[in-house]
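Worksheet: the structure to be examined is printed underneath.
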Protein chains: 2
Amino acid sequence: MSQPDTKERILDVAEELFARQGFHATSLRAITGAAEVNLAAVNYHFGSKEALLDAVFERRLTPLNRERQARLDAVQAVAATEGRPLRAEEVLRALIEPTLRLYESGPGASSFILLVGRALSGSDELVRQTFLQHMGALFALLLDLLGQALPQLPRNQLFWRLQFALGATGHALRWAGGGLELPGGFTQPPSVEELIDMVVGFSAAGMEAPCP
Amino acid sequence: MSQPDTKERILDVAEELFARQGFHATSLRAITGAAEVNLAAVNYHFGSKEALLDAVFERRLTPLNRERQARLDAVQAVAATEGRPLRAEEVLRALIEPTLRLYESGPGASSFILLVGRALSGSDELVRQTFLQHMGALFALLLDLLGQALPQLPRNQLFWRLQFALGATGHALRWAGGGLELPGGFTQPPSVEELIDMVVGFSAAGMEAPCP
DNA sequence: GCACAATTTAAACGAACGTTTGATTTAATG
DNA sequence: CATTAAATCAAACGTTCGTTTAAATTGTGC
């Protein structure tokens, strides 16, 4: 018999299958089968399949958002004591780095990274809405801080460039989470460090592009 | 009775529903119901649901890729006659602009734009594979041209930056296709022209960022 | 050890899915 | 008009889905 904690085992398997196959394409029978629990366990412990999705996000996103908030606070504090304006690069890094660093916290985390990447892309509206619900007001704060870092950029341009940065980041998360296969296999995947530097550098340069 | 062309009506509806709800979440009954044709019509005319997805991509992507190829050829020719190296901005524009300009070709095209945006994000592996199959060797050509435009950039960096650019572009396509709702609604959607300029400008700046 | 709640189990529910069938209608051809 | 192929149709196929039920099992407090 496996470990006794049925809820955790269900969460682990659901996280992986929701990420790799999508929410709709994953059946409760596939989840409970892989988790070696009874089919009815999901409805007993979580209530429904949708509530299970919510619990998958909740488990990881609560501590992750706490860390993101702390890093954004720290970035603001450092800029204030140094008497300089915020830099777009450090704001983006405070958002992106904790997410990709989840990769180092265990084998199951890469599935969650992939799930976030796919939630960002909004292919499944239910997954995207559940994700955004857990993100709360973080996007508004992000927009505000980037507005301070790029005061010369019109609000409209700022909003869309942030969207593009999120699009690039989501793509990076999907790669890092193993959700996309390398075409031709001619390029080896980078380390987490390198990927963070690349996507932050790319996004920061895009946001700081001269206004056309 | 409606128009006689059953196949076209099925393609139109399938394009819209596959884009808005996803491939797995769209049933043949929903498609045939909205198209006002018999349930068996899909299997009769296309063979299967998967073959229908293939036909949806085929109808738009064949002429679209012809135009993309022509524009990439033109960009190379102009740079050659002017005796200067390629610019990343014009290469990216040759790829992105024809796609987003589909928006002006009719009301149904926005659904296809959304579908491409979601295929790029790879949330449904079957949709992504079908899409990539129709894209053929275009990605390899793109990588080659961008390598000419940015000769100082290591091949690895180039590959990943192109991925980020595709991620940003995919996000723009999903917005333009109406697949994502504006949060808070505080920003009005831009025109197609503006969106093209913004995403091309963002991506080109990201690709040309100094090597860290 | 007994009563009681929490959990797990096997089985079944109705609904929806993609696909197939065979009859029927429509269109085209000589 | 008669014949034949193409297209449409209603109906059913077997499968899988999320959810529910009620009995069986396990764990807990007295």
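The sequence lines fix the lettering, A, B, ..., with proteins before strands; numbering per chain opens at 1. Predicted model, so just to flag it, every value in this text is computed and none were measured.
The side-chain tip of B/Lys49 points at the ring of B/Phe23 from less than 6.0 angstrom away and within 45° of straight on.
Between B/Arg118 and A/Asp124, no side-chain nitrogen of the basic residue sits less than 4.0 Å from a carboxylate oxygen of the acidic one, so the salt-bridge criterion is not met. Taking the charged nitrogens against the carboxylate oxygens, B/Glu193 and B/Arg101 do have a contact shorter than 4.0 Å, which makes a salt bridge.
Using a 4.0 Å cut-off, no side-chain N or O of B/His45 falls inside it from OP1 or OP2 of D/dA6.
Rounded to whole Å, the distance from CD1 on A/Ile31 to P on D/dC17 is 11 Å. One interatomic measurement links the two molecules: OH of A/Tyr44 to P of C/dA10, which rounds to 17 Å at whole-angstrom precision. In this structure, A/Asn38 atom CG and D/dT21 atom C1' are separated by 12 Å, rounded to whole Å. The distance from atom CD of B/Glu8 to atom C1' of D/dA7 is 16 Å, rounded to the nearest whole Å. One interatomic measurement links the two molecules: CD of A/Glu36 to P of C/dA10, which rounds to 13 Å at whole-angstrom precision.
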Polar atoms only, N or O, under 3.5 Å: list the protein pairs with nucleotides 16-19 of chain C and their distances.
unit_1 : atom_1 : unit_2  : atom_2 : d
C/dC17 : OP1    : B/Ser27 : OG     : 3.2
C/dG18 : OP1    : B/Thr26 : O      : 3.4
C/dG18 : OP1    : B/Lys49 : NZ     : 2.8
C/dG18 : OP2    : B/Leu28 : N      : 2.8
C/dG18 : N7     : B/Arg29 : NH1    : 2.8
C/dG18 : O6     : B/Arg29 : NH2    : 2.8
C/dT19 : OP2    : B/Asn43 : OD1    : 3.4
C/dT19 : OP2    : B/Lys49 : N      : 3.0

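Under the side chain to side chain contact (heavy atoms under 4.5 Å, CB included) test applied with B/Val116, the options B/Val127, B/Thr169, B/Leu173 reduce to a single match, B/Leu173. Each of B/Leu72, B/Leu150, B/Leu95 was checked for a side chain to side chain contact (heavy atoms under 4.5 Å, CB included) with B/Leu145, and the lone residue meeting it is B/Leu72.
Among residues two or more places apart in sequence or in another chain, the side chain to side chain contact (heavy atoms under 4.5 Å, CB included) test is passed with B/Ala205 by A/Ala209.
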